[in-house]
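So you know, we letter chains A, B, ... as the sequences are listed, proteins then strands, and number each from 1.
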2 protein chains.
Amino acid sequence: MLDPDKTAFYIHLFKGIDPADLPGLISATQQRQLEPGDVYIREGENSPRLAYIKEGLIRCYHINEKGIESTVLLRWEEQIVASYDSILLGKPSRFTYHALEATSIVEVNYDVIQKLLANKPVFEQARYQFVLDMLAQSLERIESFVLQTPEERYLQLIQDKPDLLQRVSDKHLATLLGITPVSLSRIRKRITSRYSR
Amino acid sequence: MLDPDKTAFYIHLFKGIDPADLPGLISATQQRQLEPGDVYIREGENSPRLAYIKEGLIRCYHINEKGIESTVLLRWEEQIVASYDSILLGKPSRFTYHALEATSIVEVNYDVIQKLLANKPVFEQARYQFVLDMLAQSLERIESFVLQTPEERYLQLIQDKPDLLQRVSDKHLATLLGITPVSLSRIRKRITSRYSR
DNA sequence: CCCGTTAATTATCTTTTGTTAATTCTGCCA
DNA sequence: TGGCAGAATTAACAAAAGATAATTAACGGG
């Protein structure tokens, strides 16, 4: 019998999928539970894993030569997470991905589904849509760096995804915005003092 | 008879294309020449135009409410340029695209080729590859904002694409890096004074 | 060849950020 | 509940960036 969670995952991911393809896909799929702090993909790994986040939060970060850690991106429920170095470029990940919360994911081996679904229009369509969404998101983020100040980026962030404030520590949010935790703390102070005036 | 330039364009873009598709595509294609300063896509336009740059340089920029102009991206020869607001999201462009140099392009209406090539694997493949490349580039740029200082971004830029220094004015490069022209001038001074010491 | 326009640099001052370290806050567990 | 570790804030100073304006450089047209 087909796992209902996995079935739902694929129906969601590949709208209009041929039911005949489901069993093959599902056997290439597993569910996993990550605890806070668990590493999902380690720097240096060349992992073709691709996961849909059912619940939870995953942080992708990098540690530079001076030992300074920067958050490159955050992914949360209903989003897809993968090492884009590996998936897109076929090279080892320069980043580490780890769970910030208890996180449940549905995971596939991208190489396997790539083979299983080669030349299937539904897959091509979904894959295209997925990359397209990520591109749109990325371009928006680039714009925010080019066009906005750190303070504006922070205000934008808490407007777009307010629950991140409760879920992610300031130091991680700061580096996500391209600034230091100290600077973020000052920005918050400026904002509140501006309101209370 | 088929235009050899346009034929080459499609062969390049859609490797393995069915020759039977060429005439239809080519009739949806035109060559254009832009002079320095010519606007290619104006802010507010919802333009499905997509162009391959044979020669030249196109700048995408935005003017904010304070009248400050920022370069969002540059595209040059052998790259593809389009309003991603329109192509990806189907909405009017928030940016203006204009030529910085005499620029010759091969242009198609994206909606038309989308229809012409619906469900053709070669097209799906090319389209996917195109978005994938842009995504990889975008992610790299995001990283540069998160992980690098303005000075490091500048050094990276002149290493990756040194001819931009001759081809693009400093004020445009500055805003591309997310800083002001005055600040870029100081960065260059710092760098040279560091070398001469 | 001069003039006028624009770009680039420099100067001055203000604001913001980075750095480092000290201090306070918070949550957790022994 | 006392104490400890990590997070956040604050402080103090240095470095960098923004804003504005003045000066210099570069360039193209008349």
Item checked: ring-ring contact (aromatic ring centres under 6.0 Å, His included) partners of residues 32-56 of chain B, not counting sequence neighbours, each pair once -> B:Phe9-B:Tyr52, B:His12-B:Tyr52
Notebook entry, point to check: Which pair of heavy atoms, one from B:Val72 and one from B:Leu176, lies closest together, and at what distance?
Noted result: O-CD1, 3.8 Å
Check: How bent is the helix from C:dC1-D:dG30 to C:dA30-D:dT1, comparing axes over its five end pairs at each side, to the nearest 10°?
Finding: 30°
Check: How far apart are the closest heavy atoms of A:Pro92 and A:Asp85, and which atoms are they?
Finding: O-CB, 3.7 Å
Next item on the list: Enumerate the residues from residues 147-169 of chain B whose closest heavy atom to DNA chain D is under 4.0 Å, giving them by residue number; use none for an empty result.
Entry: B:Pro150
Item checked: Between P of C:dT15 and CZ of A:Arg194, the distance in whole Å -> 12 Å
Notebook entry, point to check: Any idea which heavy atoms bring B:Thr96 and B:Val39 closest together, and the distance?
Noted result: CG2-CG1, 4.0 Å
Checklist line | First-last contacting nucleotides on DNA chain D - partner chain A, under 4.0 angstrom, heavy atom | finding: D:dA7 to D:dA12
Checklist line | Set of residues satisfying side-chain hydrogen bond (donor to acceptor under 3.5 Å, both in side chains) with respect to A:Tyr84, sequence neighbours excluded | finding: B:Glu143
Next item on the list: Do nucleotides 18-30 of chain C as a string where each nucleotide becomes B, S or -: B if the base has a protein heavy atom under 4.0 Å, S if just the sugar-phosphate does, - if no protein is that close.
Entry: BBB----------
Next item on the list: Mind checking ring pair (Phe, Tyr, Trp, His ring centres under 6.0 Å) for A:Phe145 and listing every partner two or more places apart, or none if nothing turns up?
Entry: B:Phe145
Margin query: Test of understanding: with ring pair (Phe, Tyr, Trp, His ring centres under 6.0 Å), list the residues that count as partners of B:His62, not counting sequence neighbours.
Written below: B:Phe95
Note to self: Do A:Lys54 and A:Gln31 make a side-chain contact, defined as non-hydrogen atoms from C-beta onward lying under 4.5 Å apart?
What the structure shows: yes
Margin query: I'd like to check the salt bridge (charged side-chain N to carboxylate O under 4.0 Å, His left out) partners of A:Glu77; sequence neighbours left out, ordered by chain and number.
Written below: A:Lys161, A:Arg167
Next item on the list: If a pair satisfies salt bridge (charged side-chain N to carboxylate O under 4.0 Å, His left out) and one of its residues is in residues 119-139 of chain B, list it, with sequence neighbours excluded.
Entry: B:Asp21-B:Lys120, B:Glu124-B:Arg127
Checklist line | Electrostatic pair B:Arg194:B:Glu151 at N-O distance under 4.0 angstrom | finding: yes
Notebook entry, point to check: How close or far is atom C1' of C:dT16 from atom CD1 of A:Ile191, stated in whole angstroms?
Noted result: 14 Å
Next item on the list: Tell me, please, which residues at least two apart from B:Glu69 pass salt bridge (charged side-chain N to carboxylate O under 4.0 Å, His left out).
Entry: B:Arg59
Checklist line | Atom-pair distance (CZ on B:Arg190; C1' on C:dT9), nearest Å | finding: 14 Å
Check: Can you pull the side chain to side chain donor-acceptor pair (under 3.5 Å) pairs that have at least one residue in residues 109-118 of chain A, sequence neighbours excluded?
Finding: A:Tyr110-A:Gln114, A:Tyr110-B:Tyr128
